[in-house]
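Remarks on the structure that follows.
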Amino acid sequence: MAAPPAALLNKNKKNFIGMPAPLGYVAGVGRGATGFTTRSDIGPARDANDVSDDRHAPPSKRKKKEEEDDEDLNDANYDEFNGYGGSLCSKDPYDKDDEEADAIYDEIDKRMDEKRREYREQRLKAELENYRQERPKIQQMFTDLKRELAHVSEGEWSTIPEVGDARNRKQRNPRDERFTPLPDSVLSHNLGGENVTTIDPGSGLASMMPGTTTPGMLTPSGDLDLRKIGQARNTLMGMRLNQVSDAVGGQTVVDPKGYLTDLQSMIPQYGGDINDVKKARLLLKSVRETNPNHPPAWIASARLEEVTGKIQSARNLVMKGCEMCPKSEDVWLEAARLQPPDMARAVIAQAVQTLPYSPRIWIKAADLELELKAKKRVYRKALEQIPNSELLWKLAVELEDEEDAKILLSRAVECCPTSVDLWLALARLENYENARKVLNKARENNPKDRQIWITAAKLEEANGNNTLVGKIIERAISTLQANMVDINRDFWIKDAMEAEHAGAVLTCQAIIKNIIGYGVEDEDRKHTWMEDADACASQGAIECARAIYSHALSVYPKKKSVWLAAAHFERSSGTRESLETLLQQAVTHCPQEETLWLMGAKSKWLAGDVPAARSILALAFKANPNSEEIWLAAVKLESENNEYERARRLLAKARSQAATSKVMMKSAHLEWALGNLELAKNLLDEGIKEFGDFAKLWMMKGQILEQQGQKDKAWEVYRDAVKRCPSSIPLWRLLSSLEEKQGKLVTARATLEKSRVRNPMNDELWLLAIRLELRAGQREVSRALMARALQECPTSGNLWAQAIFLEDPAQRKSRSVDALKRCQDDAHVVLAVAKMFWMEGRKNKAREWFNKTVKIDPDLGDAWAWYYKMETLFGTPEQKEEVLKRCLAADPRHGEHWCATSKLIDNWRKKTQEILQLVADKLPIPVMNRETY
């Protein structure tokens with residue numbers, strides 16, 4: 001049997017499908033159609049080499065379902081290498097082998113794409129950048145012009161012509177308002193002052209009411225009379241006010257004048273969304289209906305109404321809650337709070353009948369009473385109902401006098417034997433013998449409470465039985481341990497501080513002695529005790545800290561650090577006698593510690609006892625024969641007391657026995673201060689030969705030569721000095737300053753450049769170079785140097801402080817914000833901000849920032865000088881004295897202006913107060929156009 005033709009098997013498929021069209025064939029030409037070209041055929045109007053910009057590409061359209069089902073066998077979809085774009089076998093069944101093959105091909109394609117992706121992304125990025133450069137946006141074309149606007153002067157701005165007015169002539173030239181005078185008929189009508197109680201049919205107002213005639217005011221045929229509308233409104237308002245008057249007594253219930261004012265008081269104070277209130281009402285209503293015995297639902301509902309200004313609704317709700325939840329004291333208390341005082345008493349009386357054993361209800365009842373006698377009566381009734389309530393007993397005792405309170409407390413401790421507070425209160429009211437008996441009973445009833453033992457120790461100390469205090473504390477700890485009570489060391493130390501504040505010093509010391517070593521490991525004892533002492537001292541518990549140091553010294557008598565810590569504590573918090581006593585014990589146990597000897601000698605010297613100070617230093621010499629510190633301390637003692645010959649002999653002896661660089665420097669400094677310049681130079685030459693790397697010897701020699709006017713020799717000394725001591729910043733400063741004074745600016749610049757090469761990352765050298773350019777008038781050069789300096793030293797407070805004043809006045813505030821971000825706790829930056837506030841005239845703000853500066857760095861003398869100068873000019877005498885007192889306590893030693901004044905040879909004997917006055921007098925007043933301070 002022959003196979004049927006394919007056309008019979010698939011009648012739907014036409015035999016010409018898949019065949020190429022005849023040459024020159026145009027679809028539909030038989031019915032008059034002609035071929036045409038659209039934009040989609042030729043593509044967008046762009047250059048062929050342009051890179052596509054997909055930022056605003058249209059969304060891709062999904063293919064229709066019919067197009068996905070049918071095969072696209074058009075010649076346009078055919079490629080010689082890949083074949084047809086679609087699958088030729090799309091209608092064949094898709095089995096597991098096909099799925100596995102597709103997965104393998106997809107992995108291969110993905111791998112090949114990963115290999116080429118980096119190169120493709122780089123090429124696309126380069127092409128996109130090239131395209132952006134060739135075709136920039138209009139915004140980017142004018143970037144350089146916008147940047148140049150920053151340099152436009154004020155005169156150029158003023159010459160820019162005004163933009164023309166684009167409005168039309170009527171808008172540009174508006175006509176004046178016209179006013180029509182009020183007719184006399186209106187004035188005469190209102191002069192009558194009659195009181196209208198009925199509506200006049202002819203007034204036009206009746207047309208707005210049903211069943212009345214319409215005279216023509218509001219009819220379309222009549223004219224609109226605004227005067228009659230105003231009269232009608234006033235008439236209606238008057239009628240309403242008259243209607244609310246009392247018909248019987250004839251008295252007006254509503255004040256017409258205060259009517260609108262009273263309306264303002266009725267506005268609820270809630271400022272939230274009214275929709276939220278409605279939702280909350282519905283929610284709470286649902287809760288109340290679901291569980292009417294839930295007290296918080298009634299309380300929340302009442303408070304919601306109270307917040308929204310509906311106080312009566314709140315009262316009704318909470319009273320309903322009292323009916324539904326009569327055993328809830330919170331609902332009764334809320335009801336009493338919302339009610340006025342008279343009603344509140346009635347509510348609380350009902351609550352007491354319902355809940356007679358609730359202390360809170362009774363306390364509220366007592367609070368509502370106004371007379372003291374009534375309050376006492378309420379508390380006594382409450383105690384009859386609840387005799388074991390400690391709170392009620394305490395409140396009742398507070399209202400009584402001493403004798404009645406003693407009687408009440410006697411009864412209270414019987415009803416509440418476990419209340420320690422009641423026992424202690426009773427003990428405080430009794431005499432010594434009865435108080436001891438009360439405390440003994442309290443210990444029997446409360447064997448695990450430490451406060452009773454501590455109170456007993458305070459009682460014995462107050463009555464002079466000092467020997468029993470320590471025994472009571474020892475027995476307390478042992479008894480509590482026997483009763484399995486955890487001994488908390490921190491709690492006991494806190495009790496010791498409270499005992500000290502109460503005046504019981506012996507009790508405080510006994511507690512510290514017995515508890516300080518409890519629960520501390522042997523290797524941690526020293527560190528822990530020092531921390532405890534510092535904590536007590538910071539909280540004002542001086543005796544506690546002294547007791548801790550005393551115990552630590554008894555355990556570690558040879559530890560220098562413990563003796564030094566105790567000595568510093570006594571110097572800051574104790575008396576001179578206690579310090580000297582401690583130092584005498586210290587040098588006995590640690591004779592080799594020079595600092596302890598020096599502290600003792602200084603204490604005697606400050607007290608004016610110079611012979612005692614000399615004797616202490618003599619003993620120190622015996623214990624430390626060749627100590628440089630003791631030699632120099634002895635020299636300072638003699639020079640401060642004008643014993644210059646003694647000081648010279650001591651220095652000569654020190655040079656022969658312990659010749660050090662400091663001894664040579666002090667010897668030359670003494671001769672320089674006394675005016676013996678040649679002898680001072682000889683000593684410096686001798687010291688430089690032995691200690692050539694000690695920079696201060698070089699500096700002193702150069703300064704003496706400058707004082708004598710030998711500038712060239714001084715320059716040679718500084719030049720040799722920086723070769724021997726290249727890391728000494730003061731030497732570089734002196735050399736560049738001398739060259740600038742001689743007019744050698746180029747040489748000074750080169751010197752500072754060389755110093756920065758030798759000492760990189762040094763902010764002080766950068767600051768010297770910047771200020772050199774400012775003094776030379778090179779403002780732009782100084783700004784360029786500042787930019788380089790901040791790159792090398794981005795966290796330097798000195799540089800940021802100078803950078804603030806390098807900016808124009810309008811830009812200084814933003815610059816100061818940047819400086820505070822980089823150097824938040826730097827004293828120089830905070831000081832610069834304080835001076836900036838001073839410039840702006842904001843003295844209170846400047847005072848706050850000066851105060852912040854001296855707290856951050858109390859050793860910065862410049863901050864104290866600026867602060868003192870401002871208070872001298874603008875503050876009160878009390879504020880000025882306060883700054884001076886705080887400065888003397890801080891005893892500053894550093895600061896650019898401070899050191900420049902204090903290290904002058906003429907000021908070598910001046911005290912802190914004199915230096916502060918000199919520096920403050922030399923400081924300039926901050927002004928806007930000044931760049932250096």
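In this chain, numbering begins with 1 at the start of the sequence shown.
The two residues R749 and A776 have their closest heavy-atom pair at NH2-CB, 4.2 Å. When all heavy atoms are compared, the tightest approach of N762 to I729 is ND2-CD1, 3.5 Å. Nearest heavy-atom pair across A789 and I770 is CB-CD1, 4.4 Å. Contact between A834 and A846 at its shortest, heavy atoms only, is O-CB, 3.5 Å. When every heavy atom of C725 is checked against every heavy atom of L731, the shortest pair comes out as CB-CD1, 3.9 Å. Scanning both residues, C793 and W766, for their nearest heavy atoms gives SG-CD1, 4.3 Å.
R783 has no carboxylate O lying under 4.0 Å from a charged side-chain N of E773, or vice versa, which leaves the two without a salt bridge. Ion pairing between a basic and an acidic side chain is recognised when a charged N comes within 4.0 Å of a carboxylate O; E543 and R546 show such pairing. Note on E678 versus K681: salt bridge recorded, some NZ/NE/NH1/NH2 to OD/OE distance being below 4.0 Å. A salt bridge does not link E638 to R648: none of the charged nitrogens lies less than 4.0 Å from a carboxylate oxygen. Between E896 and R771 there is a salt bridge, with a side-chain nitrogen of the basic residue lying less than 4.0 Å from a carboxylate oxygen of the acidic one. Ionic pairing of K744 and D712 is not present here: no N-O contact between side-chain nitrogen and carboxylate oxygen is shorter than 4.0 angstrom.
Using a 4.5 Å heavy-atom cutoff, the side chains of T588 and Q584 are not in contact. A 4.5 Å side-chain heavy-atom check between F837 and N844 finds every atom pair outside the cut-off. In this structure the side chain of R822 never reaches within 4.5 angstrom of the side chain of T795, judged on heavy atoms. For the pair E570/E580, no side-chain contact is recorded, criterion being any heavy-atom separation below 4.5 Å from C-beta on.
Both the sub-6.0 Å distance and the 45° axial angle are not jointly satisfied by K666 relative to the ring of W631. Taking the centre and axis of the six-membered ring of W849, the NZ or CZ atom of K852 falls inside the cone set by 45° and 6.0 Å.
Crowding of R758 atom CZ: a count of heavy atoms from other residues, nucleotides or ligands under 6.0 Å not exceeding 12. The number of heavy atoms from other shown groups lying within 6.0 Å of CD (Q913) does not exceed 12. Within a 6.0 Å radius of NZ in K602, no more than 12 heavy atoms belonging to other residues, nucleotides or ligands are found. Few gaps surround NE2 on H568; more than 12 heavy atoms of other groups in view lie less than 6.0 Å from it.
Annotation: the span from L765 atom CG to S736 atom OG amounts to 8.5 Å, rounded to 0.5 Å. For the atom pair CD of E594 and NZ of K560, the computed distance is 9.0 Å after rounding to the nearest 0.5 Å. Note: D921 CG to K869 NZ = 6.5 Å, rounded to the nearest 0.5 Å. To the nearest 0.5 angstrom, Q917 atom CD is 13.0 Å from T912 atom OG1. Taking CH2 of W866 as the reference point, atom CD1 of I925 lies at 9.0 Å (rounded to 0.5 Å). Taking CD from E792 and CG from L790, the interatomic distance works out to 10.5 Å, rounded to the nearest 0.5 Å.
Contacts of N798 classified as side-chain contact (heavy atoms from CB on, under 4.5 Å), with partners at least two apart in sequence or in another chain: D763, L767, S796, H828. With sequence neighbours excluded, the residues forming a salt bridge (charged side-chain N to carboxylate O under 4.0 Å, His left out) with R756 are E753, listed by chain and number.
Side chains of Y718 and D720: no donor on one and acceptor on the other come within 3.5 Å. Inspection of the K526 and S561 side chains reveals an N or O donor paired with an N or O acceptor under 3.5 Å. With hydrogens and angles left out, the side-chain atoms of Q703 and W672 include no donor and acceptor closer than 3.5 Å.
Using a 30° and 60° split on the angle between ring planes, F569 and Y549 fall in the tilted class, from 30° to 60°.
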So K845 and E840, salt bridge (Lys or Arg N to Asp or Glu O under 4.0 Å) or not? Walk me through it.
CA-CA 10 Å; K845 201 72 176 177; E840 297 174 356; over 6 Å; no
Worked verdict on R909 versus N642 for side-chain contact (heavy atoms from CB on, under 4.5 Å):
CA-CA 10 Å; R909 292 285 306 277; N642 300 325; 2.8 Å; yes
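Remark: the backbone N or O of L617 is not paired with any side-chain donor or acceptor of W597 at under 3.5 angstrom.
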Name each donor-acceptor pair under 3.5 Å that joins a side chain in residues 684-695 to protein atoms two or more places apart or in another chain, with its distance.
from	atom 1	to	atom 2	distance (Å)
D685	OD1	K701	NZ	2.7

